[in-house]
Amino acid sequence: MFAVLKTGGKQYKVQAGDVLRVEKLAADAGEKVQFNDVLMLGGDAPVVGAPFVEGAGVQAEVIEQIKGDKVIKFVKRRRKHSSKRTVGHRQKLTLVKITDILSSGADKSGIKAATGSAPAGEAAPVAKKPAKKAEAKAEAPAAAAAADDLTALNGVGPAAAKKLVEAGIESFAALAALSDEQIAAIDTIKVKPEWVEQAKELAQG
């Protein structure tokens, strides 16, 4: 009996006793894991999943955490630059030995599911930083009733004025009321301190 399982975005045809190198799993050496994404069971009565075979599973024992062969990336730039760069990479892998193939009852086996090294819930901490910037933009006071001509500021041309408007600053009062934190959070344009000082004077009339 054989099974076709899916892990780490790849598919593997396995039998009991096979040793596989798969994408790194969150498991220690000697630990038992179970692959629940079984696409097909083969044998006397083949079963094809849609997309997975319900209740089926492949159990394996983790032998060790290893690294794959080194891959060399070489970049050479011709003509003006005449530079080159070499970068090496070794993919982190897990060596597992297939111990058993279950055609049913895998969901009640009680064996830990084989998952990647990073839990799915922790995949996007990077999104927090832009969220803070967006928050800071939302807090930026755009309280002036009518938009002012920001090109009246020294050093602010039409392009810079457009970027200020994109950042939510449409008036002298809005620019004058910005705090240092809000200025630092604006990524569309670098707001100069002299613009803020000029905006304070123009806002007062």
Q: For the pair K112 and E31, evaluate side chain to side chain contact (heavy atoms under 4.5 Å, CB included) and give the outcome as yes or no after the intermediate values.
A: CA-CA 9 Å; K112 174 182 173 182; E31 197 172 349; 3.2 Å; yes
Q) How far apart are the C-alpha atoms of S104 and E54, what are their side-chain angles, what is the distance that settles it, and do they pass the side chain to side chain contact (heavy atoms under 4.5 Å, CB included) test? A) CA-CA 7 Å; S104 62; E54 190 175 349; over 6 Å; no
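Counting heavy atoms of neighbouring residues, nucleotides and ligands inside a 6.0 Å radius, atom NZ of K162 does not exceed 12 of them.
Within the model, atoms CD of E64 and CG of L93 stand 11.0 Å from one another, a figure rounded to the nearest 0.5 Å. In this structure, NZ in K92 is found 10.5 Å from OG1 in T94, a value given to the nearest 0.5 Å. Taken from OG in S109 to CG in N36, the straight-line distance is 7.0 Å, to the nearest 0.5 Å.
Under the 4.5 Å side-chain contact rule for hydrophobic residues, L102 and V53 do not share a cluster. In terms of hydrophobic clustering, with Ile, Leu, Val, Met, Phe, Trp and Tyr side chains grouped at heavy-atom distances under 4.5 Å, I63 and I111 are assigned to different clusters. F35 and V4 are assigned to two separate hydrophobic clusters, defined by single-linkage of ILVMFWY side chains at heavy-atom distances under 4.5 Å. If you chain together hydrophobic residues whose side chains sit under 4.5 Å apart, Y12 and V62 fall into the same group. The hydrophobic cluster containing L5 does not contain V48, counting ILVMFWY residues as joined when their side-chain heavy atoms lie under 4.5 angstrom apart, directly or transitively.
Nearest heavy atoms, P158 versus T151: N-CG2, 3.9 Å. Shown here for G88 and I72, the closest heavy-atom pair between the two residues is CA-CD1, 4.3 Å. Contact detail for P51 and L39: the closest heavy-atom pair is O-CD2, 3.4 Å.
The closest donor-acceptor contact from the side chain of R85 to the backbone of V75 lies at 3.5 Å or more, if one exists at all. Under a 3.5 Å cut-off, the side chain of E201 and the backbone N or O of Q198 do not form any donor-acceptor pair. Checked by atom type and distance alone, the side chain of Q59 never pairs as donor or acceptor with a backbone atom of I98 at under 3.5 Å.
For the residue pair T99 / E61, no side-chain donor-acceptor distance below 3.5 Å is found, with atom types taken as modelled.
Between K84 and R77, the closest side-chain pair of non-hydrogen atoms is not below 4.5 Å. Proximity of S103 to M1: side-chain heavy atoms (C-beta onward) are separated by under 4.5 Å at one or more points.
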Distance-only donor-acceptor hits, side chain of residues 14-27, under 3.5 Å, sequence neighbours excluded:
from: D18; atom 1: OD2; to: Q15; atom 2: N; distance (Å): 2.8
from: E23; atom 1: OE1; to: Q91; atom 2: NE2; distance (Å): 3.1
from: E23; atom 1: OE2; to: K10; atom 2: NZ; distance (Å): 2.7

